[in-house]
Amino acid sequence: MTQTSENVTWLTQEAYDQLKAELEYLSGPARAEITEKIQAAREEGDLKENAGYHAAKEEQGKQELRVRQLKQLLETAKVGEAPEANGTVAPGMVVTIAFDGDPDDTLSFLLASREYASGDIETYSPQSPLGSGVNGKKIGADAEYELPNGKRASVKILDAKPYTG
């Protein structure tokens with residue numbers, strides 16, 4: 001789980017370990033692999049028209065960006081416990097809301113940093129309009145947030161439980 005305050009990112013031990021392992025892989029074996037790809041593509045000749053070379057260089061750039069992001073995230077990380085199920089929405093929880101109080105128009109999402117996003121569940125950052133609107137509210141409460149067009153929308157919080165992966 002991830003909870004972000006001004007300059008600190010709160011992570012569970014599991015999330016911290018997962019991100020640290022990704023950083024170690026990208027900084028070691030993955031970096032060596034991309035270097036080999038670039039070298040092999042260089043040996044093919046003319047670099048201006050070498051698609052393999054350009055693809056490998058682009059992949060290297062994306063990989064190095066991710067390494068920098070992970071280093072920054074882990075430098076500011078504080079390891080803590082997952083939130084407890086106390087009926088209040090907090091980062092690290094799966095939140096179920098009903099739009100405009102309509103029990104048939106619902107959405108469940110993980111309130112967490114984008115770093116913890118997975119394909120299993122949609123993730124909203126606590127800094128996003130919806131995330132900041134529901135964060136800290138109790139189950140059963142109404143919450144408002146601002147839409148991209150500047151209008152306000154309201155949701156009812158139906159459930160909030162710790163994310164278990």
Side-chain angles (χ1 to χ4, degrees), residues 1-86 88-97 106-136 145-148 155 157 159-165:
M1 290 331 96
T2 311
Q3 175 181 345
T4 307
S5 59
E6 290 305 309
N7 293 318
V8 175
T9 301
W10 291 94
L11 300 170
T12 61
Q13 187 64 53
E14 178 184 7
Y16 181 87
D17 292 345
Q18 181 181 355
L19 293 171
K20 190 162 177 57
E22 180 184 355
L23 175 61
E24 287 171 3
Y25 171 74
L26 290 175
S27 298
R31 191 174 272 162
E33 289 169 19
I34 196 69
T35 301
E36 287 174 18
K37 281 184 189 177
I38 291 170
Q39 185 59 36
R42 264 196 187 120
E43 291 171 3
E44 292 174 10
D46 186 9
L47 297 181
K48 285 190 284 186
E49 297 181 17
N50 187 329
Y53 173 79
H54 293 290
K57 288 296 283 183
E58 185 175 329
E59 184 181 341
Q60 181 186 39
K62 288 178 182 176
Q63 191 172 299
E64 291 303 318
L65 174 62
R66 180 68 177 153
V67 165
R68 286 191 303 276
Q69 289 171 333
L70 288 170
K71 281 183 178 177
Q72 182 179 10
L73 177 69
L74 292 171
E75 283 173 6
T76 62
K78 298 280 186 207
V79 176
E81 294 300 314
E84 58 183 82
N86 61 7
T88 302
V89 175
M93 298 187 109
V94 175
V95 182
T96 303
I97 58 170
T106 64
L107 170 69
S108 291
F109 61 91
L110 173 61
L111 184 63
S113 166
R114 289 295 188 179
E115 292 299 325
Y116 207 79
S118 76
D120 298 337
I121 187 166
E122 198 164 348
T123 303
Y124 284 84
S125 163
Q127 289 77 30
S128 70
L130 177 58
S132 63
V134 300
N135 195 10
Y145 65 100
E146 190 171 326
L147 297 170
V155 295
I157 299 165
D159 195 17
K161 58 186 177 220
Y163 178 66
T164 56

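Just so you know, these numbers use all the heavy atoms, side chains as well, and skip hydrogens, waters and symmetry mates.
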Roughly how far apart are [X] [atom1] and [Y] [atom2], rounded to 0.5 Å?
X: L26; Y: E64; atom1: CG; atom2: CD; value: 8.5 Å
X: L111; Y: M93; atom1: CG; atom2: CE; value: 9.5 Å
X: L70; Y: E22; atom1: CG; atom2: CD; value: 4.5 Å

> Any sub-3.5 Å donor-acceptor pair from S27's side-chain atoms to L23's backbone N or O?
Replying inline: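 Yes; judged by distance alone, with no hydrogens or angles, the pair exists.
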
>> As a quick check of understanding, evaluate side chain to side chain contact (heavy atoms under 4.5 Å, CB included) for Y145 and V155, giving each step before the final call.
In response: CA-CA 8 Å; Y145 65 100; V155 295; 3.8 Å; yes

Side chains of [X] and [Y], heavy atoms from C-beta outward: is any pair under 4.5 Å?
X: D159; Y: V95; answer: no
X: E122; Y: L110; answer: no
X: L130; Y: F109; answer: yes
X: Q72; Y: R68; answer: no

>> Please determine whether a side-chain nitrogen of the Lys or Arg among E58 and K62 lies less than 4.0 Å from a carboxylate oxygen of the Asp or Glu.
In response: yes

Show which side-chain atoms of residues 32-42 pair as donor or acceptor with protein atoms under 3.5 Å away, not counting sequence neighbours.
unit_1 : atom_1 : unit_2 : atom_2 : d
T35    : OG1    : R31    : O      : 2.8
K37    : NZ     : E59    : OE1    : 3.3
Q39    : NE2    : E43    : OE2    : 3.3

> With respect to I97, which candidate in T106, L107, V89 satisfies the side-chain contact (heavy atoms from CB on, under 4.5 Å) definition?
Replying inline: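 Going through T106, L107, V89 one by one, the side-chain contact (heavy atoms from CB on, under 4.5 Å) with I97 is satisfied by L107 alone.
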
> Which atoms form the tightest heavy-atom contact between E146 and P129, and what is the distance?
Replying inline: O-CB, 3.3 Å

> How far apart are the closest heavy atoms of N135 and A90, and which atoms are they?
Replying inline: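 Closest heavy-atom pair between N135 and A90: OD1-CA, 3.6 Å.
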
> Does any donor atom in the side chain of Q18 or Y16 lie under 3.5 Å from an acceptor atom in the other side chain?
Replying inline: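 Y16 and Q18 do not have a side-chain donor-acceptor pair below 3.5 Å.
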
